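The model shown is predicted, which means the values in this text are computed figures rather than measured ones.
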Amino acid sequence: MPGSEETVDDDALYVLTAVLLTPAQFPSVLGDDYPQACLSLALEPYAEGYGLVIGQDAEGARWTVVVDDVSLVAVAIASWDCGMEYDLSPDENSVVAALPGWPLELAVAAPGVPAPHDPVPEEGDRPPLTPPNTEEWGPAQRRMGADEVAQQWALWREQAGNGDAAGAAEDADAADTATDAAEGAGPADTAVGAAPETDGPQASEADGPQEPGADAATAPEAVAEADGAGDGGEARLAEGLRRALREARAYAEAVPPPGRVRSAFAPGGARTIRADGPGWSMVARTDDMAFVLLDDEPCEVIPVERGPELEALLDVLEKVAVHPS
């Protein structure tokens, strides 16, 4: 388990956790893509990526040690995920930078040292890293919500299936159950994937009526026609969904920055697609449906039913996605 020691300015670093920062895998709370995530840490978007070793020094100060030995950090994370001990001690030659502060919220602390705090800055030091603000809905919470949907796919998929054939308003009890699951995750050891400390995304009740088997990409048009004369919020949601799907399709013509679209293994030989864009996030399975979250629709998770156009869109995204090595 985490708890090994490394060196930061001649002080022991008590390792609490580690995360990968690569085009295929990075904390999405830090940005829509890999270059954005690197920029948040003032790092160059090195193609091979980095490992982030997060811990405290002997005085309890927060430090993030950036290393270029990605394989070593990946082995440590895999070992911890399996409940195995692993002494993560990168060679000093692999250290790229020692950054004050933590880029992610941690719910753990090193035993026997003062409570976590930022190191006292000296003249010329960079400001300490701080986790993105997740108190209010915005890009960070939207991306964390999408990660939570991906992690809890079976629950969200079951919830979406509880609606009628058109995927209209879901059962309120199912929505509460899914929300509780998102809330219950809370901040965790990021070596195994931090869950958002949020109020939890709510299942959308505004995706509007669709005919059974309706085309996934044109379904929002049906929403606008059916609901546009009614509540303006539903028309706004439909327009936001259309924009997200349109921008996602555009990735076929203009390849997005590394990490903007990522593909991971899923059961049954399928792939899990995570795509982001300005103001939106998408989670999908290549053999199933998709869910979209929007900056402009706080805490809403919008289901997109499977159809020919969604299948074509997911095929495009799978081709441009970064795959884990």
Side-chain angles (χ1 to χ4, degrees), residues 32 142 145-147 149-150 152-171 174 178 201 203-228 234-256 260-294 296-297 300-323:
D32 280 333
R142 178 249 303 166
D147 289 346
V149 172
Q152 302 287 339
W153 178 267
L155 182 64
W156 285 97
R157 184 61 182 89
E158 180 182 5
Q159 176 188 325
N162 285 339
D164 60 21
E170 287 84 355
D171 181 79
S204 171
E205 296 184 359
D207 50 317
Q210 301 174 17
E211 294 301 321
D215 187 299
T218 58
E221 299 289 350
V223 176
E225 293 175 2
D227 298 327
E234 301 208 359
R236 184 186 67 245
L237 183 148
E239 175 55 35
L241 179 57
R242 282 197 299 269
R243 179 181 62 82
L245 296 176
R246 184 170 59 247
E247 292 180 0
R249 285 195 298 271
Y251 289 158
E253 303 298 329
V255 178
R260 183 69 64 90
V261 184
R262 306 187 296 282
S263 175
F265 294 107
R271 306 291 299 184
T272 295
I273 301 294
R274 268 290 281 112
D276 293 290
W280 60 269
S281 292
M282 175 187 290
V283 185
R285 289 275 181 90
T286 53
D287 62 347
D288 201 352
M289 62 185 298
F291 294 93
V292 175
L293 294 85
L294 305 172
D296 294 337
E297 300 296 332
E300 295 284 353
V301 178
I302 310 166
V304 180
E305 292 188 342
R306 187 168 182 81
E309 293 236 0
L310 180 60
E311 292 181 29
L313 172 60
L314 297 182
D315 183 61
V316 166
L317 294 178
E318 170 64 16
K319 289 177 180 177
V320 302
V322 178
H323 294 66

Inset, instruction - Compute whether any side-chain donor of one residue and acceptor of the other, for Arg271 and Ser263, lie under 3.5 angstrom apart. - result: yes

Legend entry - Residue pair Val261 / Pro256: nearest heavy atoms and the distance that separates them: CG2-CG, 4.1 Å

Legend entry - Side chain to side chain, Leu314 and Arg285, heavy atoms closer than 4.5 Å: no

Inset, instruction - State which residues pass side chain to side chain contact (heavy atoms under 4.5 Å, CB included) with Asp315; sequence neighbours excluded, sorted by chain then number. - result: Lys319

Legend entry - Interatomic spacing from CG in Asp288 to CG in Leu310 - rounded to 0.5 Å: 9.0 Å

Legend entry - Approximate separation, where rounding is to 0.5 Å, of Glu318 CD and Ile273 CD1: 4.5 Å

Inset, instruction - Indicate yes or no: does Arg236 engage Glu239 in a salt bridge with an N to O separation below 4.0 Å. - result: no

Inset, instruction - Working to the nearest 0.5 Å, report the span between CZ of Phe291 and CD1 of Ile302. - result: 11.0 Å

Legend entry - Side-chain touch Pro303/Gln159, heavy atoms, less than 4.5 angstrom: no

Legend entry - Non-neighbouring partners of Asp32 that pass side chain to side chain contact (heavy atoms under 4.5 Å, CB included), sequence neighbours left out: Gln36, Arg142, Arg143, Arg260, Asp276

Legend entry - Trp153 and Thr272, any side-chain heavy atoms less than 4.5 Å apart: no

Legend entry - Partners meeting side chain to side chain contact (heavy atoms under 4.5 Å, CB included) with Arg243 (sequence neighbours left out): Arg246, Glu247, Trp280

Legend entry - Any donor-acceptor pair under 3.5 Å from Arg262 side chain to Val322 backbone: no

Inset, instruction - Looking only at non-hydrogen atoms, find the nearest pair between Leu241 and Leu294 and report the distance. - result: N-CD1, 3.9 Å

Inset, instruction - Might you point out which heavy atoms bring Ala248 and Leu317 nearest each other, and give the distance in Å? - result: O-CD2, 3.8 Å

Inset, instruction - Please test Asp287 against Arg306 for salt bridge (charged side-chain N to carboxylate O under 4.0 Å, His left out), starting from the C-alpha separation and ending with a verdict. - result: CA-CA 9 Å; Asp287 62 347; Arg306 187 168 182 81; over 6 Å; no

Legend entry - Shortest non-hydrogen contact from Met289 toward Val304: CB-O, 3.2 Å

